[in-house]
2 protein chains.
Amino acid sequence: MPTIYEVAAAAGVSPATVSRVFNGANVSPEKAEAVRKAAKALAFTPSRTARTLRLQSSEVIALVIPDIENPFFTALARGVEDVARAAGYSVVLCNTDEDHDTELRYLDVALSANMAGVIIAAAGGNSDLSGLIARKCPVVAVDRSPHGVDVDAVIVDNRAGGRAATQALVEQGFQRIACITGPSDVETATQRADGWRDAVTAARPTDDRYLRYADFRVEGGAAAMSELLALPEPPDAVFVANNLMSVGALRVLSEQGKLPPATGVAVFGDLPFLPLVPIPITVVHMPARHLGTTAAKLLLERITGDDQPARTIVLRNQLTPVG
Amino acid sequence: MPTIYEVAAAAGVSPATVSRVFNGANVSPEKAEAVRKAAKALAFTPSRTARTLRLQSSEVIALVIPDIENPFFTALARGVEDVARAAGYSVVLCNTDEDHDTELRYLDVALSANMAGVIIAAAGGNSDLSGLIARKCPVVAVDRSPHGVDVDAVIVDNRAGGRAATQALVEQGFQRIACITGPSDVETATQRADGWRDAVTAARPTDDRYLRYADFRVEGGAAAMSELLALPEPPDAVFVANNLMSVGALRVLSEQGKLPPATGVAVFGDLPFLPLVPIPITVVHMPARHLGTTAAKLLLERITGDDQPARTIVLRNQLTPVG
DNA sequence: ACCCTGTCAGAAATCGATTTCACCGTCAAG
DNA sequence: CTTGACGGTGAAATCGATTTCTGACAGGGT
């Protein structure tokens, strides 16, 4: 790798002048030309490492997500990337696998690599953002707003979404509506369950036998669905609180020959394959990409020095009724 | 951010000693203890930026993929990540969106950020890896092996897979078997089409009206399927060369009431939702995660100084017949 | 003729960690 | 008692780009 010194020598100027050429400072046209020629001849690329060390910050933002294989998070990542790239930033994706230690390690990396900022969909409920905050590293929470920390957040109205989805099942005439939600220490999970409870209690007293906490994953959804169907008085409908669990739940329903419309199903989150298969399911659409773009914009504002108090932005999610 | 100098001052030693404590060199127990205490008190984390500059290499590997929203590539990414993390490396995911300029930019970043190596699923056919190679940056190609460059590669036998899938359709008794493949400048696309041609010509002369080059994306698959169905003598079966295009193709078939078994469908790549919906499709399973782990292992070998001639590893992909 | 302003460019300090080099003891072998 | 080896330590050089400081020179106003 050629350095700025070699370019300077080749062009007959000082390293300072080379740096100025690349950063748009005042340099005479002849020297600028000489530098550019020398740089091209040597295939010179300035070292980002050295630049980052000197400037104490880089044009890289970290996106920390719990599951890279969940289409919701990849769509979100696309949103972040689109905005970030347009602003000249690179995005590095960090997959925590819902594990707090891994998450902490990545946050540490973000700090020690002088990254410009962090967008985080926290693993579990109580992520430790104190390190970032103590060092004034810009942070935006997305999808899940971490417990008790005062940072910008971009979320959806989980309770309203859960309520709307469940309400749709009520209106379709189902009597015993179950709920499969995520881990009880994840806010999005409990809030969606709260929405379910809202809609159900309006009709009849809530029965917590019909509420299952699973893990936001395919297998968890399948297991919960099996349990529910094994109840003495099994539910005739189910509200599933995320996309992956609904895949598991539908698989179990399919195995038992109880796919919709035999059973009512409402899902929080998108199922990309739904247009393919004519299963009547109520879907609460998640604006995944929009969550990403919004979070990225917020973060860029913080990076460029905005320091008003933390904001929380709540995006709407749209209900697509059975179809 | 506290530095090694502040820790040294707090512990009453020199910065060199602090460094030695963190890197396992010989230091007397008392001083080591003092350093550790000071470091903890200051919440010191060594700057990776400075470390990377000094060592001229970092424990980060770049994974460059064309489409982060394709489950195949995210599964591959998981594989890479698992191996890399176990070896103490972080993985940064770079999404090129099938765009050569974006790809080139990321490769440049990898170099100038002193990354340890690159795993690349090249966008299009002729990616420019010359910069990496000239600078001896370890590279492994995965899924797609770039045209004419001599680097390690981990691929599947695309032609054999395409042949097997098409053969299955032949055996199911279909007469006019079409093929929807990817861009003609992507090797995986042409090889899978070659496999299709192998199997079809064995039965009857190949008819290139039944061959469509699309874009490896959902909408491309849908458009190609529509065209095929509009032919005077439409095909009665189709081999689709990747997962996303098959979603588009199936959507069109569904709209026209021609879903399997009315039409024969064989797909190269996995469809996660298939267990859910009882559509009889022949699937050529892609060992996505395994591709990732294998590529990562190869790269790690190169990083640790292995410089035997470039190898190409061909993984098997398994056929799951209609079911 | 004098001063002031402004442009251009080089020397050198800086960012924070690693590592070579040099030095001091201490202990064992000769 | 000398010599050598070795463990422990600090001073200082190093990685490559940025930026401050400083000086040289040109042009405009009085």
Side-chain angles (χ1 to χ4, degrees), chain A residues 1-36 38-39 42-60 88 108-116 135-137, chain B residues 1-36 38-39 42-60 88 108-116 135-137:
Chain A
M1 292 287 283
T3 73
I4 206 173
Y5 296 95
E6 299 168 38
V7 174
V13 300
S14 77
T17 300
V18 177
S19 172
R20 286 193 263 254
V21 169
F22 279 88
N23 294 288
N26 280 333
V27 175
S28 73
E30 312 88 62
K31 303 219 172 193
E33 186 48 36
V35 167
R36 260 186 277 276
L42 296 170
F44 166 72
T45 312
S47 157
R48 279 164 213 262
T49 306
R51 180 165 213 277
T52 300
L53 177 60
R54 179 62 231 245
L55 298 182
Q56 294 290 296
S57 97
S58 66
E59 271 99 34
V60 175
D108 219 54
V109 172
L111 272 176
S112 74
N114 300 102
M115 294 192 186
R135 273 137 178 133
K136 305 197 185 314
C137 175
Chain B
M1 293 288 282
T3 74
I4 205 173
Y5 297 94
E6 298 167 40
V7 174
V13 300
S14 77
T17 300
V18 178
S19 172
R20 287 191 261 255
V21 169
F22 280 87
N23 293 288
N26 280 332
V27 175
S28 72
E30 313 87 62
K31 301 217 174 193
E33 186 48 37
V35 167
R36 261 186 275 276
L42 295 170
F44 165 74
T45 312
S47 157
R48 278 164 215 261
T49 306
R51 179 163 214 277
T52 300
L53 177 60
R54 179 64 230 247
L55 298 182
Q56 294 290 296
S57 97
S58 65
E59 270 100 33
V60 175
D108 218 56
V109 172
L111 272 176
S112 74
N114 300 102
M115 294 191 185
R135 273 136 179 134
K136 306 197 186 312
C137 174

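Throughout, protein chains are lettered first and strands after them, A, B, ... in sequence-line order, and every chain is numbered starting at 1.
- Atoms CG and CZ, on Asn26(B) and Arg20(B) in that order, are 9.5 Å from each other to the nearest 0.5 Å.
- Regarding contacts with the backbone of dT7(C), every side-chain N or O of Asn26(A) stays at 4.0 angstrom or more from both OP1 and OP2.
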Run the side chain to side chain contact (heavy atoms under 4.5 Å, CB included) check on Val18(B) and Val13(B) step by step: do they pass?
-> CA-CA 7 Å; Val18(B) 178; Val13(B) 300; 3.9 Å; yes
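- Backbone-only engagement by Arg51(A) is indicated by non-hydrogen atom pairs under 4.0 Å involving sugar-phosphate atoms exclusively.
- Protein chain A touches strand DNA chain D; the 5'-most and 3'-most nucleotides with an atom under 4.0 angstrom of its non-hydrogen atoms are dG16(D) to dT20(D).
- Val18(A) comes within 4.0 angstrom of nothing in the nucleic acid, heavy atoms only.
- For Phe44(B) and Phe22(B), the gap between ring centers is short of 6.0 Å.
- Residue-level contact check: Phe22(A) touches neither bases nor backbone, having no heavy atom under 4.0 Å from any strand.
- If Ala50(B) and Pro29(B) are placed on DNA chain D by their nearest nucleotide, the residue sitting closer to the 5' end is Pro29(B).
- The side chain to side chain donor-acceptor pair (under 3.5 Å) check on Ser28(B) picks up nothing, with sequence neighbours excluded.
- Nucleotide dA12(C) holds its C1' atom 14 Å from the CD1 atom of Ile4(A), rounded to whole Å.
- Side-chain atoms of Arg51(A) and Asn23(A), non-hydrogen and from C-beta on, do get closer than 4.5 Å to each other.
- To the nearest 0.5 Å, atom CE of residue Met115(A) and atom CD of residue Glu59(A) are 12.5 Å apart.
- Backbone-only engagement by Thr17(A) is indicated by non-hydrogen atom pairs under 4.0 Å involving sugar-phosphate atoms exclusively.
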Check step by step if side chain to side chain contact (heavy atoms under 4.5 Å, CB included) holds for Arg36(B) and Lys31(B).
-> CA-CA 9 Å; Arg36(B) 261 186 275 276; Lys31(B) 301 217 174 193; over 6 Å; no
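- As judged by a 4.0 angstrom heavy-atom cut-off over every strand, Ser47(B) is placed among residues touching the sugar-phosphate backbone only.
- Judged purely by distance below 3.5 Å, without hydrogens or angles, the side chains of Asn114(B) and Thr49(A) pair a donor atom with an acceptor atom.
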Criterion side chain to side chain contact (heavy atoms under 4.5 Å, CB included) on Ser19(A) and Ile4(A), from CA distance to verdict = CA-CA 7 Å; Ser19(A) 172; Ile4(A) 206 173; 3.8 Å; yes
Reading nucleotides 21-27 of chain C 5' to 3', which nucleotides get B (base under 4.0 Å from a protein heavy atom), which S (sugar-phosphate only), which -?
-> -------
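- Residues Gln56(B) and Pro15(B) each lie close to DNA chain D; by heavy-atom proximity, the contact nearer the 5' end of the strand is made by Pro15(B).
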